[in-house]
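The structure appears right after this line, and notes come after that.
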Amino acid sequence: MRLAEIADKLERDGIFTGGPPQLFESAGRLQLSTLVREGLLPSSRVLDVGCGCLRAGYWLVRLLDPECYFGIEPNSLMLQAGLDHVLGPELRTAKRPLFDGNDKFDFSVFGVEFDAVLARSIWTHAPKSQIQIMLDGFAENSTPDAFFLTSYYPASWLSRGAADYSGTRWVGRSHTSAQPGQVYHKRRWIENECRSRGLFVQQLSDPPLNGQYWLKITKRNQPTELIA
Ligand SMILES: C[S@@+](CC[C@H](N)C(=O)[O-])C[C@H]1O[C@@H](n2cnc3c(N)ncnc32)[C@H](O)[C@@H]1O
């Protein structure tokens, strides 16, 4: 079955596939291609935060060496659907991806230093306190040359609907909610949070997909390509 058909079927069965099913293939492909362009190697250890039903994992597990893909996902139904229908048993056996169901954004559970951390469509739902935990988790559980690729919706004072999020709860579908929703954050706030941890952040110049822009966060200063 084609990937788009799998995503359609999962949605019909009541499984949230991480975004619009018609973007399931392109959003997964984009995560892989952006990670590769930004420096991913087959030997990289990659943490996929909120990996859902493996929209990115479908691609990443194929590329990466065995035991190099790590996923955190507290929605066990989503993850199981991904394992059964998106990844499949043969790849799981061959590549031995590792998973954890904690909902605390605890990156230390695997006892591994990551070369890359991915959070697609996560900061677009997370409150600032969870973003701070993820930044700490990246700083403490990654190699010196690691990068953190995360997407976000920039807050804008021009639109009341895109105001900077000051709430304390996750907004959107998850292991505890079936309600869709999204949040926006000011880039200035993110920059300050990174700076206070000795991290560097740049917004990548790629056009947004589904309104989300990529941020690349590193421990070492990298030449800024283009700030959109
Ligand atoms: C919009 S989906 C994106 C999924 C995946 N990153 C992708 O691109 O398909 C958001 C995901 O975050 C997960 N999530 C919600 N709360 C979480 C938490 N506290 N820790 C980790 N993941 C969480 C949801 O269950 C869901 O799978």
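Counting convention: from 1, in listed order, for ligands and their atoms alike.
Relative ring orientation between Tyr184 and Tyr153 is described as tilted, the plane-to-plane angle lying within the 30° to 60° band.
His185 and Lys128 share a side-chain donor-acceptor pair at under 3.5 Å. In this model, a donor atom of one side chain and an acceptor atom of the other lie less than 3.5 Å apart for Tyr152 and Gln203.
Remark: Asp136 engages Arg197 in a salt bridge, criterion side-chain N to carboxylate O under 4.0 Å. Classification of Arg37 and Asp206 as a salt-bridged pair holds, one side-chain N sitting under 4.0 Å from a carboxylate O.
Considering only residues two or more places apart in sequence or on other chains, Ser129 meets the side-chain hydrogen bond (donor to acceptor under 3.5 Å, both in side chains) condition with none of them.
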Tabulated below should be the N or O atoms of ligand 1 paired with protein N or O atoms at under 3.5 Å; can you produce that?
unit_1: ligand 1; atom_1: 6 (N); unit_2: Gly50; atom_2: O; d: 2.8
unit_1: ligand 1; atom_1: 6 (N); unit_2: Arg120; atom_2: O; d: 2.8
unit_1: ligand 1; atom_1: 8 (O); unit_2: Gln31; atom_2: NE2; d: 3.3
unit_1: ligand 1; atom_1: 8 (O); unit_2: Arg55; atom_2: NE; d: 3.1
unit_1: ligand 1; atom_1: 8 (O); unit_2: Arg55; atom_2: NH2; d: 2.9
unit_1: ligand 1; atom_1: 9 (O); unit_2: Arg55; atom_2: NE; d: 2.7
unit_1: ligand 1; atom_1: 19 (N); unit_2: Asp103; atom_2: O; d: 3.0
unit_1: ligand 1; atom_1: 25 (O); unit_2: Glu73; atom_2: OE2; d: 2.7
unit_1: ligand 1; atom_1: 27 (O); unit_2: Glu73; atom_2: OE1; d: 2.7
unit_1: ligand 1; atom_1: 27 (O); unit_2: Glu73; atom_2: OE2; d: 3.4

